[in-house]
Peer 1: 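Just dropping this structure here.
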Amino acid sequence: MTTASVTQNFQGSRSLPKWLAPTLLAVAILASFSINSALASSNPEATQLNLFAVALVAVITYSIGFYLASRIIEGQRKSADRLVTILVTGAFALAVVPLISLAWTVVERGAARFDIDFFTFSMRNVVGAGGGAYHAIIGTLEITGLATLISVPIGIMTAIYLVEYGRGALARAVTFFVDVMTGIPSIVAGLFAYAAFVVIFGPGVRMGVGGAIALSVLMIPVVIRATEEMLKIVPNELREASYALGVPKWLTVTKVVLPTALAGIATGVMIAIARIIGETAPLLIIAGFTASTNFNPFDERMMTLPVFVYTSYANQGSDAQTYIDRAWTGALVLMLIVMILNIIARLVSKYFSPKG
Amino acid sequence: GAANEETATESTLSGTISGSGASSMGSGQEAWIAEFQIANPNVTINYDPSGSGAGREAFTAGGVVFAGTDSYWKDEELALEFAACAPGTKPWEFPVWISPIAVIFNLEGVDSLNLDAATVAGIFAGEITMWNDDAITSQNPDLDLPELSITAVHRSDDSGTTKNFTNYLEKTAEAIWTAGTIETWPTEYGGEGAKGTSGVVDAVTAGNGTIGYADASKAGDLGTVAIKVGDGYVSFSAEAASKVIEASSLVEGRESYDLAYKIARDTTESGVYPIVLVSYLTGCNEYLDAEVATLVKAYASYIISEQGQATAASAGGTAPISASLREKAQAIIDAIK
Amino acid sequence: MSSQAPVVKRRIGDLVFSNLAIGSGVAILVILAAVAIFLFAESVPAFLSEQDAAPDGFFAYVAPFLFGTVLASIIALLIATPLAIGIALYISHFAPRRLSQALGYSIDLLAAIPSVVYGLWGMLVLAPFLNPSYLWLNENFGWIPFFEGPVSATGRTMMTVGIVLAIMILPIMAALIREIFLQTPRLHEEAALALGATRWEVIKMAVLPFGKAGIISSAMLGLGRALGETMAVALVLSGSGVITFALLTSTNPNTIAANIALQFPESSGTYTSLLIATGLVLFAITMAINMLARWVISRRSEFSGAN
Amino acid sequence: MSMRIELSSLNVYYGSFLAVEDINMVIEPNSITAFIGPSGCGKSTLIRTLNRMHEVIPGAYVKGNLTMNGEDIYSPSVDPVKVRRQVGMVFQRPNPFPTMTIKENVLSGYRLNNNKMSKSDADALAEKALKGANLWNEVKDRLDRPGSSLSGGQQQRLCIARAIAVEPEVILMDEPTSALDPISTAAIEDLAIELKEKFTVVIVTHNMQQASRISDMTAFFTIADTGLPGKLIEYDRTDNIFSNPKEKQTEDYVSGRFG
Amino acid sequence: MSMRIELSSLNVYYGSFLAVEDINMVIEPNSITAFIGPSGCGKSTLIRTLNRMHEVIPGAYVKGNLTMNGEDIYSPSVDPVKVRRQVGMVFQRPNPFPTMTIKENVLSGYRLNNNKMSKSDADALAEKALKGANLWNEVKDRLDRPGSSLSGGQQQRLCIARAIAVEPEVILMDEPTSALDPISTAAIEDLAIELKEKFTVVIVTHNMQQASRISDMTAFFTIADTGLPGKLIEYDRTDNIFSNPKEKQTEDYVSGRFG
Ligand SMILES: Nc1ncnc2c1ncn2[C@@H]1O[C@H](COP(=O)(O)OP(=O)(O)OP(=O)(O)O)[C@@H](O)[C@H]1O
Ligand SMILES: Nc1ncnc2c1ncn2[C@@H]1O[C@H](COP(=O)(O)OP(=O)(O)OP(=O)(O)O)[C@@H](O)[C@H]1O
Ligand SMILES: [Mg+2]
Ligand SMILES: [Mg+2]
């Protein structure tokens, strides 16, 4: 084969020069600045240069410029690809900014009261500065724990029903209403739990376990959905292997299917806990408010962290800043609890996940 | 238990009672409960600042044994049965928390304004919309007010603060403020809604050209309005607020244990600040449970004691109730069974 | 000897276990029925009696809140859906592998931030930050009804609420969509690649069509959360009972859930019933939207990637 | 400890779809019987009727007669779980339980049924089954490693060990080597030949060389067109099928002219 | 419109794992070349290097030389997207796009470069490609039905239609019939023979009968043990490979003594 007969079938078209991206960015920022300054000076009502507008116009100019350059040099298909890359990366960046700001706000403002007292003191007999969220942390752990105890068995059994047994109208109804249940507003769940407890214990009742029930209404559908997905991806081969060994169905489900899906289920339960641990409205209604520690969820009011955060903010005393600081630290602790639970779930996943 | 929850005691009182109601006196209850519990470590008192209406409702239903309320019992409410009280008996009530409501604003370079009732009503009713409106400048000749639109911030949640504030507007500027005494802000008046006292304060702080009304203790560094009473302008203060009770009369046709006041909003006496919030404590004259009665008696006595009122004053910037009112209240408390 | 649909001898274990499973499924229906019955029973007085809060009747009372609920949720969805797809695509198809796992994990964590915190952040950080851009929008695009003045002085507007809700539902939507994208059959991605498709074309031909049903259902999940969000809206929104499309002013329709939270503490008697009746409306809407979503998904199931 | 299986007028259905039609054959104990035929002709379907795994699929059922040592395994009084304990099965893709160790996998037939056994019994049984599957030497030092850490061929032998640990009388294998490399394939073939000393072995294979190497009897199935049922064309001694088939279709297939 | 492919000293890696070692071969235009060999020997891996699909797998890369009509397709200036356009591929499992109609499936590759085409052009092209894939008569009345509504064999021919619609110069097929019934298999085999008139065809198959029926050249690969690289043992005219192989390993394999 001689080189003379070499055809050029596969060469890519010219690609964009390396210097293009930074240059274009600089030009876009400059252009945006001048356009906005011009706009600002022509408009008497615009008092200052709007950074939002500058950034917006700069990003749009940059994207369009880059797209056009690519389109001219590299052709339509490649430029579409590049445009999408810019858009997708941009969407990611845009979405991450507020989320980082949020996390940063909580950490920054929560640092003020992030001290030993916050974890060892309740608010009993505390006026103004000092005090802590011990009672609220206990309450949140107990109520969330109870809600988990209620929701996980029901949720997992329902998911098992849907994946392993469910057919026909009942299964379809359950699937549909689980979807509906995901949409129950949290305040409605709180009102419901309250009404149910009034029927049993009389009016004005406040109990930690009521909060757990309200949260369960919110948590169960999340557990079901997550577990269902996990059970579905357990390969049928494993079920068949177990049946072929003469293992009845219920043992197959409990001893083969569930352990195989355990890692995923743990993560799903974790997501469900995260979904409810920060709920405020239902707990305000049914678990109530107290400054003291209460270990018994079946008697009297029980404080929880979200309620702590909310009431600290909403009912500030005359020394407002100490209340606000406590609120943010409460939020920070809530986030940390979720994070620790997440790490635990990851460890569980790691430990139980199918090895190989 | 928490590190702060263990103390030795000489007090013989023990048990738990719960109350709920007005969030306005939340910080006062917090301070009272703290001091009372320090003196009586085996007692736990809960106060759920869930709102006056919720508090009265919970008390009626028997869910709590005492309540705090920003407005006194309505006649039709008194006609109901009270589940925590002995059958047929009615609740007592008396004021324990008198708090000035400040009209706060955020306007660069201005920290005090003089306004009369009609102007305040005009602003909150959405009729006066600019800071350099004649109605405002004429009362504040020394100030250079900008051409800036006014954002009037009100409570978006139902509240006693709104009720007392609009009651003042109704009584003093009926021609402009036609909505009457309300809890829910009328849509047609516009303005900006914010949740809770802290929401209003934060909204006023965050904006420029904003004005709102809030519990005076939360006014912070914001500018406040001096209200025209008689011929002079009065800034809010505890003393100016407490005077208004003296100028007011009891609601007619109530039992002797029901000290409900009709506040004299339209007073012209100088040095009286008429925009106040009066919150009542209420409970049973005869409890079903004697232990509860003992605790309520002790706690209520503490609240109206000189020390209790001083505690409230420092916690919430309120005006202490007068000695004569304390005497009347103590008599009611002593009669609780 | 023949046996059609053979009679299976059931074992005790099997019997107990399957009944437990069925029982749980039935329990779900019972709980939901209980919630519905409770809402309905508690709200009956609101329909029967006259009252101050709703002089023009129940529907006149609930209409603005319904409008506000739907408006806020739609804004949230319009913002969140493309962003969630963008994040999911970035993690599943653009980011380097190692990075994408870390990113996925941090996004999952953000799904757990409590709504009060979103509310406080929205009110204290986001609203003041956004307000200048509202002024800018109003100055330059004020002729569009959505951007009509007068612009709020604090930024606590419907637009801000929409954005806060969008940020709230973003992590969970992004996580779901990401999982769906990651499950795109390799077969179809490779089919597109082998035809000489660029990365974007692969996404267009194989990933998005496969994920469409999943995107819709995760959008519905996000919508469900946005519709029912209480605390964040109550804290952020300057709301009342108006109906308006202007998104940047201080006068906004409240949402049903926020209205309940705001009014419930001071309510009593029939007013409480009225509020619970609005809760029933919210519940009904959630259900209707779920039905709609199922219908949309099933309509083109013939062409769906699931087979 | 080995069974004679007799199929007569057996029809196998998926819902209303007749997948395999009118099968009559006798499978002798202590032999290897191979099922061959083109894809879709119903080999897998038929082999799964032999341990009542077929009915695990929703809507699937069987008509006709299937006896083992004279007992009708589809009679209503028969517990399918018991049938499966006596008829072990090995699948096309090795499927050890991923959450279990090698040893737990071997013992899973007992353990999953909640049968308690002493540690020494368990050890002895695991060793016996692994030796029976020619895997003992390769794994004896790592019995506590996950089953999925083995190579494909080892995993497949692990599945065989798991199946023989419960001491069945019949072993069914559905294309047990088609996912394996040649060395593992050879190991499994040798094993199959050893197994027939104790069990009745039925094997489905696509590989005619494999069928001719290891089986005593061969059944050739085919299908006229998609949607039509699969049929048994010829069932005979393996050497007859490959060197001297009676049917034209069989000849075409084994000589590679078709399929 | 057909290409000559030359592989020299080609090594194919998955990360650090060398899957296929030192391949040297020339594939002539307008011929069918079959890759045969036991499972895991690297047939799929090698065929995927011919259209740079290999590198789609994270960490996978190629060393050595691979030219088509003399042009190095792995040179840095080459756009892999262009390579794949000219080297079409058909996979083991039929994979029509499930969200597209039959017609959209056929046109999907073509549309990438020619967004706007008139309806009549599109119709003409779809008809031509479907006729080329011997599918036209079966689907001409239901071009707007989803591609997944077809039978497996029809779906596979739809994939071939989709591949030839972009007018490539080489067509690669990785076990295109192993999931199909015999009738569909025969249809695809006939089609392959027609296709070589216009294209260079490379086909991977497990089925030696198939290789001997349709291919002009056959390459036999094998692998010494799992974990070791696959190697090209013998590459020759098909009749030589099957009747007169030079290597002992090839003979063992094609005569069924092994694999
Ligand atoms: N779960 C099922 N539901 C409905 N039909 C099925 C099912 N499994 C298989 N079939 C059909 O039954 C027939 C026989 O399939 P079977 O899998 O038994 O063939 P096979 O001979 O094992 O093929 P292969 O060699 O590809 O494994 C086929 O037409 C197939 O489509
Ligand atoms: N994605 C991958 N990553 C790592 N190794 C791989 C990957 N795909 C295949 N391999 C390995 O490369 C080797 C060759 O595999 P390949 O799939 O090419 O074999 P094959 O000859 O096509 O086999 P079969 O006949 O089973 O299709 C095997 O050892 C396999 O395990
Ligand atoms: Mg099969
Ligand atoms: Mg392969």
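By convention in this document, chain letters (A, B, ...) are assigned in the order of the sequence lines, proteins followed by strands, and residues within each chain are numbered from 1.
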Peer 1: Side chain, backbone, both or neither: which part of Ser24(B) has a non-hydrogen atom closer than 4.5 Å to chain A?
Peer 2: neither
Peer 1: Can you pull out every side-chain hydrogen bond (donor to acceptor under 3.5 Å, both in side chains) where at least one residue sits in residues 184-205 of chain A? Sequence neighbours excluded, please.
Peer 2: Ser186(A)-Glu279(A)
Peer 1: With chain A as the partner, which of Ser198(B), Ser18(B), Gly63(B) has the greatest number of non-hydrogen pairs under 4.5 Å?
Peer 2: Ser198(B)
Peer 1: Among His135(A), Arg301(A), Met123(A), which residue has the highest count of heavy-atom pairs closer than 4.5 Å to chain B?
Peer 2: Arg301(A)
Peer 1: Parallel under 30°, tilted from 30 to 60°, perpendicular over 60°: which one fits the rings of Trp73(B) and Phe82(B)?
Peer 2: perpendicular
Peer 1: Is there side-chain contact between Pro297(A) and Met302(A), with heavy atoms separated by less than 4.5 Å?
Peer 2: yes
Peer 1: Side chain, backbone, both or neither: which part of Ser27(B) has a non-hydrogen atom closer than 4.5 Å to chain A?
Peer 2: side chain
Peer 1: So how far is it from Phe66(B) CZ to Tyr299(B) OH, rounded to the nearest 0.5 Å?
Peer 2: 5.0 Å
Peer 1: Who passes salt bridge (Lys or Arg N to Asp or Glu O under 4.0 Å) against Lys218(B), sequence neighbours left out?
Peer 2: none
Peer 1: So what's closer than 4.5 Å to chain A heavy atoms on Asp48(B): side chain, backbone, both or neither?
Peer 2: both
Peer 1: Would you mind checking which part of Phe59(B) comes under 4.5 Å of any heavy atom in chain A, side chain (CB onward), backbone (N, CA, C, O), both or neither?
Peer 2: neither
Peer 1: Can you tell which of Glu57(B), Lys195(B), Glu35(B) has the highest number of heavy-atom pairs within less than 4.5 Å of chain A?
Peer 2: Lys195(B)
Peer 1: Report the distance from atom CD1 of Ile137(A) to atom CD1 of Ile337(A), rounding to the nearest 0.5 Å.
Peer 2: 6.0 Å
Peer 1: What part of Tyr323(A) is in contact with chain B, defined as an atom under 4.5 angstrom from a non-hydrogen atom: side chain, backbone, both or neither?
Peer 2: side chain
Peer 1: Relative to chain A, which segment of Asp202(B) carries a heavy atom at a distance below 4.5 Å: side chain, backbone, both, or neither?
Peer 2: side chain
Peer 1: Just give me the residue among Thr44(B), Val64(B), Ile33(B) that pairs up with chain A most often, heavy atom to heavy atom, under 4.5 Å.
Peer 2: Thr44(B)
Peer 1: Based on non-hydrogen pairs under 4.5 Å, which of Gly220(B), Ala58(B), Pro49(B), Ser50(B) is most in contact with chain A?
Peer 2: Pro49(B)
Peer 1: Measure from the ring center of Tyr313(A) to the ring center of Phe308(A) and say whether it is less than 6.0 Å.
Peer 2: no
Peer 1: Hey, is Glu300(A) close enough to Arg206(A) for a salt bridge, meaning N to O under 4.0 Å?
Peer 2: no
